Amino acid sequence: MIAPSSRPVRIGSRKSQLALVQTEWVQAQLQARHGDRAFEVVTMTTQGDNILDVALAKIGDKGLFTKELELSMLRGETDLAVHSLKDLPTKLPEGLVLGAITEREEPADALVLGSKWTGHTIDTLPEGTVIGTSSLRRLAQLRHSYPHLTFKDVRGNLNTRLAKLDAGEYDALILAVAGLRRLGFGDRISQVLPATVSLYAVGQGALGIECRADDTDILALVKTLEHPETAARCLAERAFLRQLEGGCQVPIGVHTVIENGQLTLTGLVASLDGQRLVKDSLTGEPAKAEEVGTRLALKLCEQGASEILEEIFASARPER
Ligand code: DPM
């Protein structure tokens with residue numbers, strides 16, 4: 001048998017600027033911890049990268065940004081893949097596992113205002129202000145609290161979106177704080193939206209490292225990057241989403257804290273128009289994070305979340 005250290009570990013990544021920044025961070029962390037190994041990045045294009053002109057909600061979500069990376073691991077061409085955890089479906093293909101969850105950046109959403117709105121917050125923007133977002137989760141929650149604002153789809157990478165904002169196509173954008181900061185656009189954040197305004201997406205701000213279930217060598221390597229507190233929070237969030245059978249494009253938001261050794265998960269399901277909104281919390285042991293997530297999902301279903309989701313699944317089926 002060839003010693004594992006004799007060949008470089010191949011890390012699969014999307015080609016987008018954000019994906020590369022994240023993957024190179026993981027590569028550097030692995031290199032720092034395992035100086036005797038070599039790590040190389042293999043980039044590839046996913047379906048989601050090719051379809052930039054269609055609203056995400058219309059494309060569907062079954063691994064849009066992850067499938068090609070997974071197939072490459074299953075073929076043995078790469079050994080691990082780095083994802084924004086929020087883009088990774090809650091059910092992984094047979095043979096692959098989530099090997100590690102890294103320390104979370106701020107998970108909240110951010111308001112990024114066009115220059116003429118400097119000094120405003122989401123609360124002071126006047127009627128008709130045009131907000132760019134293509135996240136149904138952000139749309140439903142903001143429509144609920146700010147029905148006087150106007151919402152418009154926006155796609156493209158972060159640079160493209162900011163350029164559209166600066167060109168006056170939108171008055172403001174809602175984006176993840178994490179992505180903005182990682183790309184050095186932290187100074188564009190006008191307001192970090194509190195949980196009362198927007199619950200974040202499941203896994204937002206954390207990186208998920210996926211690898212083959214039977215690759216004990218790689219599993220041991222990547223496990224050293226796991227951040228236990230982030231992992232417990234994200235496992236609770238993912239179990240919540242999995243139980244609701246929601247993909248990444250449903251109006252489902254979460255918020256987690258670990259305080260005094262207890263994990264509290266808050267979850268929300270909203271209708272697309274923001275009219276109906278079901279929200280509740282549950283506390284439990286971080287060691288039983290998934291149980292907390294599953295139980296909260298069942299609790300929300302009793303309060304009407306299933307009806308809301310059934311309506312959405314029936315109306316918003318992918319058009320292709
Ligand atoms: C998913 C959503 C979005 C991304 C939907 C959601 C935002 C889509 C949009 C599942 N993936 O959040 O409700 O605004 O059009 C994505 C971003 C990041 C990872 C960009 C962003 C960076 C933040 C992170 C796209 N995926 O949300 O601003 O690491 O969590």
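As the structure lists them, so they are numbered: ligands from 1, and atoms in each ligand from 1. Remember, it's a predicted structure, so these values are computed and weren't measured experimentally. The residues of the chain are indexed from 1 along the displayed sequence.
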**Asked** Are T256 and R233 close enough that a side-chain donor and a side-chain acceptor fall under 3.5 Å?
**Response** yes
**Prompt:** Looking at Y170, does the NZ or CZ of K164 lie under 6.0 angstrom from its six-membered ring centre and within 45 degrees of the ring axis?
**Reply:** no
**Message:** When you compare ligand 1 with T133, is there at least one nitrogen or oxygen pair between them that comes in under 3.5 angstrom?
**Reply:** no
**Asked** Are P89 and T66 close enough that some pair of their side-chain heavy atoms sits under 4.5 Å apart?
**Response** yes
**Atoms in ligand 1 flagged as close to S84, the criterion being non-hydrogen separation under 4.0 Å** = 19 (C), 29 (O)
**Item:** Per atom 24 (C) of ligand 1, closest listed option by heavy atom (G205, G179, G253, A19)
**Value:** G205
**Message:** If you measure every N or O of A176 against every N or O of ligand 1, does any of those distances drop under 3.5 Å?
**Reply:** yes
**Asked** Hey, does L18 sit under 4.0 Å from ligand 1 if you only count heavy atoms?
**Response** yes
**Prompt:** For ligand 1, is there an atom lying under 4.0 Å from some heavy atom of E105?
**Reply:** no
**Prompt:** Which ligand 1 atoms are under 4.0 Å away from a heavy-atom of R182?
**Reply:** 29 (O)
**Asked** Just distances here: any N/O of R155 and N/O of ligand 1 closer than 3.5 Å?
**Response** no
**Request:** Assess the side chains of Q275 and H144: does a donor N or O sit below 3.5 Å from an acceptor N or O?
**Result:** no
**Message:** So, 4.0 Å and heavy atoms of R161: is ligand 1 close enough to count as a contact?
**Reply:** yes
**Fill in**
Residue pairs meeting ring pair (Phe, Tyr, Trp, His ring centres under 6.0 Å), one or both in residues 197-224, sequence neighbours left out, come to Y200-H255
**Request:** Would you mind listing every salt bridge (Lys or Arg N to Asp or Glu O under 4.0 Å) that reaches into residues 12-25, with sequence neighbours excluded?
**Result:** R14-D49
**Asked** Just which atoms of ligand 1 are under 4.0 Å from any heavy atom in S134?
**Response** 9 (C), 15 (O)
**Prompt:** Taking side chain as C-beta onward, heavy atoms only, is L180 less than 4.5 Å from L158?
**Reply:** yes
**Message:** Just so I know, are the side chains of Q191 and I122 near enough to count as touching, which here means a heavy-atom distance under 4.5 Å?
**Reply:** yes
**Item:** For L175, atoms of ligand 1 separated by under 4.0 Å from a heavy atom
**Value:** 28 (O)
**Message:** Under a 4.0 angstrom heavy-atom cut-off, which atoms of ligand 1 come close to A201?
**Reply:** 12 (O)
